[in-house]
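All remarks here apply to the structure that follows.
Along the sequence shown, residues carry numbers from 1.
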Amino acid sequence: MSISAPNPDVVIIGAGPYGLSLAAHLRARGVNFRIFGIPMGFWRDLPTGINLKSPASSTNISVPKTPVAFSRWCRERGLEDYEPCSMESFANYGLWIQSHFVPNVEATKVTAIAQMDRGFHITLDDGSELSAPHVIVATGLSYLDAIPADFHKLPQEISKHTFHLSDYSEYRGKRVAIVGGGASAIEAGALVHEAGGFPEVFIREPNVLIYDRTPRYRSLRERILQPSSPIGNGKVPFLIGHFPQLPYLLSEARRLRLLRAFVPPSAPWWIKDRVVGVVPMHVASSITGARTLEHGLSLTIRQQDQPEREQDFDAIIWGTGYEKDVSRLSFLSGDILRTMTLIEQAPKLSINFESSVGGLYFIGPMSEMSFGPITRFVAGAGFTAKSLSRHLARRVPKRRSVQPLQEQASIPRLDDRVRQQRADPMDVKIDERLT
């Protein structure tokens with residue numbers, strides 16, 4: 001098969017926080033790479049009215065030599081620089097980072113990866129092909145949205161996962177069942193209500209956890225007993241947040257126990273006033289069956305200590321999380337999947353993020369079975385990018401075909417111009433790309 005595109009040493013699939021962080025560090029090291037994906041695509045598609053759940057101070061895209069913290073970026077533009085910070089602000093921040101540090105992102109999709117004698121053959125959705133000895137999968141939560149198997153056959157027009165929803169106006173005037181007890185389900189309840197719909201949330205657990213207040217107002221005693229970290233409060237999150245490779249050193253069984261117990265399903269404090277007393281929430285409730293109607297569907301609901309009942313809805317939204325199942329990455333060939341060593345359904349990785357298929361790496365959420373909970377969060381992008389870029393720079397030829405980043409003086413400082421006009425020309429370009 002002919003190769004119709006230049007062949008780099010490294011291909012990165014995905015242009016979210018992890019892919020951009022790695023690309024910025026590879027570029028600084030002069031590694032010859034190509035990166036494919038819609039820059040910050042997942043974040044740009046999130047609905048208006050949703051905010052970051054992680055602390056703004058630790059939700060940063062990592063770049064070398066000249067760190068640009070998200071909170072500082074917000075302050076320079078007169079935006080909220082402490083929780084709650086909007087997803088829109090974070091998407092704009094990521095696009096600014098991309099335009100300054102990773103200008104060579106190719107906004108196209110990888111449709112197939114097959115193993116070759118020396119590396120991988122890669123097909124793009126525009127029909128072009130290339131090869132590379134090293135491929136890094138940084139696709140985040142794409143492909144991984146989970147709906148219980150018994151409900152896969154429901155029509156997509158009435159059954160959707162929160163991952164695929166960016167506009168809730170379609171639920172105006174509709175009765176909507178929302179399944180799940182975590183942030184995405186609770187937020188979906190608020191968004192359906194605010195769009196003029198009639199939501200009900202069904203939570204399998206016996207209660208719903210919504211934080212009471214912003215972490216800014218923790219007492220001194222709380223801060224001592226439950227120290228803060230980029231991934232939560234407490235001694236274990238503190239250790240992992242500051243020593244991110246610790247979970248890798250645990251036995252597989254202990255690491256999996258840590259993952260399962262780390263953060264229970266919960267909703268952020270800023271959503272509380274938008275749902276409590278506003279959106280009906282049924283705890284200890286499960287959806288055990290569904291049948292379609294001429295308009296909508298009828299759900300069988302089992303609630304603790306009550307007989308099963310049926311209730312009609314116009315639509316159902318699944319806030320049921322994500323499965324770290326590598327077989328759901330449809331661009332990977334069957335031969336790659338059959339030969340890959342797994343931890344449960346996720347790839348088992350080396351300390352350098354390399355799978356058992358030599359040259360194929362996974363970063364971001366798909367690496368959490370090997371590296372623990374920090375890789376669920378944007379906060380894990382920094383340590384991942386620094387570690388993997390150092391490893392790849394040692395493995396690839398020293399041909400230095402990509403110009404390294406310049407020093408800080410070459411990167412525009414916005415402080416003075418923000419005071420003059422609240423935005424620089426790059427901000428205008430970013431806003432245009434989001435509309």
Should we count [atom1] of [X] as having more than 12 external heavy atoms under 6.0 Å?
| X | atom1 | result |
| --- | --- | --- |
| E157 | CD | yes |
| K160 | NZ | yes |
| R175 | CZ | yes |
| H152 | NE2 | yes |
| F243 | CZ | no |

Discussion item. Using the ring centroid of each side chain, check whether Y361 and H391 are separated by less than 6.0 Å.
Written reply: yes
Worksheet item: For the residue pair Y322 and H161, is the inter-centroid distance of their aromatic rings smaller than 6.0 Å?
Response: yes
Fill in: Under 3.5 Å: donor-acceptor pair, side chain of S389, backbone of K386
yes
Practice prompt. Without swapping roles, check the side chain of S71 against the backbone of A56 for a donor-acceptor pair under 3.5 Å.
Written response: no
Spacing of [X] atom [atom1] and [Y] atom [atom2] [to the nearest 0.5 Å]:
| X | Y | atom1 | atom2 | answer |
| --- | --- | --- | --- | --- |
| K109 | S142 | NZ | OG | 8.5 Å |
| I50 | S166 | CD1 | OG | 12.0 Å |
| I113 | L360 | CD1 | CG | 6.5 Å |

